Amino acid sequence: MEEIKNEEEKSLNFIEEIVEEGLHSGKHQKILTRFPPEPNGYLHIGHAKSICLNFGLAKKYNGKTNLRFDDTNPVTEETEYVGSIKEDVRWLGFEWANEFYASDYFEQLYEFAVKLIKKGLAYVDDSTGDEIAAQKGAPTEPGMRNKYAERSIEENLLLFADMRAGKYADGEKVLRAKVDMASPNMQLRDPIMYRIKHAHHHRTGDKWCIYPMYDFAHGQSDSIENITHSICTLEFVAHRPLYNWFIEQLEIFPSKQYEFARLNLTYTVMSKRKLLQLVNEKYVNSWDDPRMPTISGYRRRGYTPESILKFADKIGVQKRENLIDLSLLEFCIREHLNKIALRRMVVLDPLKVVITNYKKDSELVRSEDNPEDENTGYREIPFSAEIYIEKEDFMENPPKKFFRLAPGQKVRLKSAYIIQCDEAVKNADGSIAELRCSYIPESKSGSDTSGIKVQGTLHWVSVKHAVTAELRLYDRLFRVEDPSNEENDFKEYINPDSLQVIKTVYAEPALKKAGFDERYQFLRKGYFCLDKDSSKDKMVFNRTVTLKDTWAKEQKKK
RNA sequence: UGCCCGAUAGUAUAAUGGUAGUACGACAGAUUUUGGUUCUGUUUGUCUUGGUUCGAAUCCAGGUCGGGCAACCA
């Protein structure tokens with residue numbers, strides 16, 4: 001009830017308003033959207049925003065969404081990308097009504113072009129690319145039409161057929177729409193509809209040697225599918241008049257285009273071109289490198305679909321340029337992981353502690369798998385006289401408010417006993433070799449009768465029971481908030497410490513049963529998930545995100 | 001200096017002519033066997049100048065600033 005109420009009270013974004021208007025006025029019975037990726041790269045979190053918008057809108061208003069690959073440029077497109085895109089959309093939890101390809105419509109688009117030629121609205125131009133560009137004029141000056149625009153309908157029909165038949169080389173001729181060379185909108189200055197490319201297409205093979213441009217494929221594809229709301233990013237605003245012009249001249253279903261601002265995130269880049277560079281030039285290991293803002297990167301890093309959906313919901317949809325704080329994404333994943341992650345104790349940088357008055361060989365202590373969720377139950381952890389704690393959890397000369405271990409100071413070992421540090425044994429070079437501590441037998445967790453209050457609780461691992469693993473700690477990929485907006489090339493701002501590998505960490509035995517679908521919180525250290533590089537003998541964990549650490553933050557300030 | 005789009009706390013996002021609110025961040029405190037979680041509180045905002053109106057973040061006009069448009073890319 002509460003949730004329904006919130007749903008109703010939540011204000012609509014501008015696209016939802018448009019949708020509701022169309023529904024209420026009877027303009028649409030049902031809405032149909034589409035997600036139209038070009039299969040020339042992996043999807044990133046910016047696409048996730050678009051996916052959530054397109055599929056989310058359909059879901060909310062009881063409509064449907066098509067997945068349509070915009071594959072009109074065979075030179076850059078590959079089947080590998082088609083697979084990854086489908087996997088990513090499904091992973092986010094969306095199912096498409098139909099899987100289509102712009103290339104499905106090549107024959108129909110060809111007929112559309114012929115129709116425009118017959119209406120005297122398209123012509124074959126023999127000019128070079130430079131000539132066409134020069135004739136287009138400038139934003140402040142009108143363009144000039146050349147002699148080819150005067151060709152007869154019959155000649156154009158013939159030449160266009162010859163283009164298709166492969167009688168010309170790449171670049172020799174193009175088909176252009178005859179719109180308005182003097183338009184203040186450059187997109188309307190007789191835009192190119194078809195170009196010649198003798199290239200192998202990932203679906204149509206060598207059937208075609210002419211391929212439609214975006215502007216003569218996208219809107220027509222929308223129309224063929226009866227898309228009601230064709231939602232794209234802001235850079236296509238100037239294309240909208242052309243989008244409408246083609247549809248009007250062709251007299252086909254009037255799909256409408258609406259534009260929203262693309263997502264930008266701090267400390268990363270969000271263009272396929274730049275991401276491709278990072279992969280090709282080995283700044284990262286792959287498209288799904290956990291430092292990448294790709295959907296596959298976030299997946300491998302341990303982000304959940306829920307967290308990304310939540311994020312998309314929180315950032316909203318608008319038309320103004322934006323740069324979202326990474327901290328918002330991190331908030332979303334921490335919020336979800338806090339609820340679902342199994343707690344485990346793992347020591348990253350070990351310091352041995354000998355509990356001198358502990359005479360038993362070992363015993364099992366009980367600890368909750370997740371204090372946020374009582375349904376998850378408990379696990380048993382072996383405790384013994386020799387344990388590891390983090391080096392950073394001991395200081396010989398601690399500052400005030402250091403709630404951890406120091407000579408004479410007491411701490412709680414999580415789910416076990418309170419110990420007191422009696423002595424720090426040193427190496428010849430003065431570094432700490434190990435700690436000698438004594439434990440308080442009546443302070444056992446759950447049956448503590450000692451009455452002793454301590455300020456700090458440490459995670460720990462029994463030395464002889466410990467299992468090992470490799471950890472990969474990730475930090476932001478770039479040192480600056482907006483690398484694309486800096487003076488120099490964006491790659492100069494890469495964070496050299498974005499990946500830190502710890503070859504061996506020590507974990508409680510329960511971690512041995514780690515699974516790929518499970519999420520873990522390593523107590524006081526962060527959220528982790530098993531990486532696909534793991535093998536039977538070696539576990540590898542990715543740090544999804546750290547825990548909030550107010551102590552570290554305070555130390556940094558000093 | 002052509003045309004188009006936009007401008008609300010540090011960052012996002014609401015308020016649709018009638019009390020400028022929410023989230024994240026930051027800061028302070030309480031709770032806590034994770035310096036986590038949770039809870040409470042504080043902080044900071046309508047780009048500017050005019051106009052319309054009883055009343056303007058909202059409507060109008062001028063300006064300023066930011067973004068986009070002159071690929072045989074999408």
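Note that this is a predicted model, so its numbers are computed, not measured.
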Could you run down the sub-3.5 Å N/O contacts of the protein with nucleotides 15-17 of chain B?
from, atom 1, to, atom 2, distance (Å)
B:U16, N3, A:E17, OE2, 3.0
B:U16, O4, A:E17, OE2, 2.0

Tell me whether the OP1 or OP2 atom of [N] has a side-chain N or O from [X] closer than 4.0 Å.
| X | N | answer |
| --- | --- | --- |
| A:R189 | B:A70 | no |
| A:R320 | B:U13 | yes |
| A:K553 | B:C27 | yes |
| A:T72 | B:A74 | yes |
| A:Q318 | B:A14 | yes |
| A:K197 | B:C73 | yes |
| A:R195 | B:A74 | yes |

Send over the distance from [X] [atom1] to [N] [atom2], rounded to a whole Å.
| X | N | atom1 | atom2 | value |
| --- | --- | --- | --- | --- |
| A:R524 | B:U33 | CZ | P | 15 Å |
| A:E372 | B:U38 | CD | C1' | 8 Å |
| A:R176 | B:A71 | CZ | P | 11 Å |
| A:I192 | B:A70 | CD1 | P | 12 Å |
| A:I389 | B:G35 | CD1 | C1' | 15 Å |
| A:D215 | B:C69 | CG | C1' | 12 Å |
| A:I45 | B:A12 | CD1 | P | 16 Å |
| A:L323 | B:C24 | CG | P | 19 Å |

Side chain of [X] only, please: which of [options] is the nearest?
| X | options | result |
| --- | --- | --- |
| A:K319 | B:U34, B:G6, B:U11 | B:G6 |
| A:K548 | B:G25, B:G2, B:G10 | B:G25 |
| A:T140 | B:C24, B:U33, B:G2 | B:G2 |
| A:F402 | B:C72, B:G35, B:U33 | B:G35 |
| A:Y214 | B:G25, B:A74, B:A70 | B:A74 |
| A:T457 | B:C4, B:G2, B:U34 | B:U34 |
| A:P371 | B:A74, B:G36, B:A71 | B:G36 |
| A:K136 | B:G35, B:A70, B:U34 | B:A70 |
| A:M213 | B:G35, B:U33, B:A71 | B:A71 |

Across the strands shown, which category fits [X] at heavy-atom distances under 4.0 angstrom: base, sugar-phosphate, nothing?
| X | answer |
| --- | --- |
| A:N185 | nothing |
| A:Y194 | nothing |
| A:S127 | base |
| A:K314 | sugar-phosphate |
| A:G446 | base |
| A:V237 | sugar-phosphate |

| task | Name the residue closer to the 5' end of RNA chain B, choosing between A:L413 and A:N73 according to the nucleotide with the nearest heavy atom. | result |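 Nearest nucleotide further toward 5': that of A:L413.
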
| Residue closer to the 5' end of RNA chain B, A:I324 versus A:A416 (nearest nucleotide) |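 By nearest-heavy-atom nucleotide position, the 5'-most residue is A:I324.
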
| Pair A:Y148 + A:Y123: ring centers closer than 6.0 Å |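 No, they do not, as the ring centres are separated by 6.0 Å or more.
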
| Any chance the rings of A:Y81 and A:Y42 have centres within less than 6.0 Å? |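 Yes.
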
From [X] atom [atom1] to [Y] atom [atom2], the distance as rounded to the nearest 0.5 Å:
| X | Y | atom1 | atom2 | value |
| --- | --- | --- | --- | --- |
| A:F528 | A:R519 | CZ | CZ | 13.5 Å |
| A:N370 | A:L337 | CG | CG | 10.0 Å |
| A:N280 | A:W287 | CG | CH2 | 8.0 Å |

| Would A:K173 count as a cation-pi partner of A:Y168, with NZ or CZ less than 6.0 Å from the six-membered ring centre and within 45° of the ring normal? |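 Relative to the ring axis of A:Y168, which defines the angle, A:K173 lies inside both limits.
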
Side-chain donor-acceptor pair under 3.5 Å between [X] and [Y], yes or no?
| X | Y | value |
| --- | --- | --- |
| A:Q521 | A:Y527 | yes |
| A:N185 | A:S183 | no |
| A:H336 | A:T304 | yes |

What does the list of N/O pairs under 3.5 Å between the protein and nucleotides 29-31 of chain B look like, with a distance for each?
none

In plain terms, say whether [X] and [Y] are close enough for a salt bridge, that is, a side-chain N and a carboxylate O under 4.0 Å apart.
| X | Y | value |
| --- | --- | --- |
| A:K339 | A:E306 | no |
| A:K401 | A:E554 | no |
| A:R34 | A:E225 | no |
| A:E481 | A:R476 | no |
| A:R203 | A:D104 | yes |
| A:D549 | A:K556 | no |

| Contacts of A:F236 that satisfy ring pair (Phe, Tyr, Trp, His ring centres under 6.0 Å) - sequence neighbours left out |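 Ring pair (Phe, Tyr, Trp, His ring centres under 6.0 Å) check on A:F236 returns A:Y214, A:H239.
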
| field | Residues from residues 329-348 of chain A lying under 4.0 Å of RNA chain B - heavy atoms | value |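 Correct list: A:F331, A:N338, A:R343.
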
With rounding to whole Å, what would you report as the distance between [N] and [M] at their [atom1] atoms?
| N | M | atom1 | answer |
| --- | --- | --- | --- |
| B:U49 | B:G68 | C1' | 27 Å |
| B:C54 | B:U1 | P | 38 Å |
| B:C24 | B:U42 | P | 16 Å |

| said: In this structure, which stretches of RNA chain B are paired as stems of three or more consecutive Watson-Crick or G-U pairs, both distances less than 3.5 Å? | reply: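 Stems found: B:2-7 with B:64-69, B:10-13 with B:21-24, B:26-30 with B:38-42, B:47-51 with B:59-63.
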
| message | Using modelled atom types and a 3.5 Å cut-off, is there a donor and acceptor pairing between side-chain atoms of A:E16 and backbone atoms of A:N13? | response |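 Yes.
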
| message | Whether the side chain of A:H459 engages the backbone of A:V346 through a donor-acceptor N/O pair (distance < 3.5 Å, no angle test) should be reported. | response |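 A pair under 3.5 Å: yes.
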
Check nucleotides 42-44 of chain B against the protein and report each pair of N or O atoms closer than 3.5 Å, with its distance, or say if there are none.
none

| Which atom names give the shortest non-hydrogen contact between A:G302 and A:C529, and what distance separates them? |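 Smallest interatomic distance, heavy atoms only, reads CA-SG, 3.5 Å.
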
| query | If we only count heavy atoms from C-beta on, is the A:F260 to A:S50 side-chain gap below 4.5 Å? | reply |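 A side-chain contact exists here, since the closest heavy-atom pair is under 4.5 Å.
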
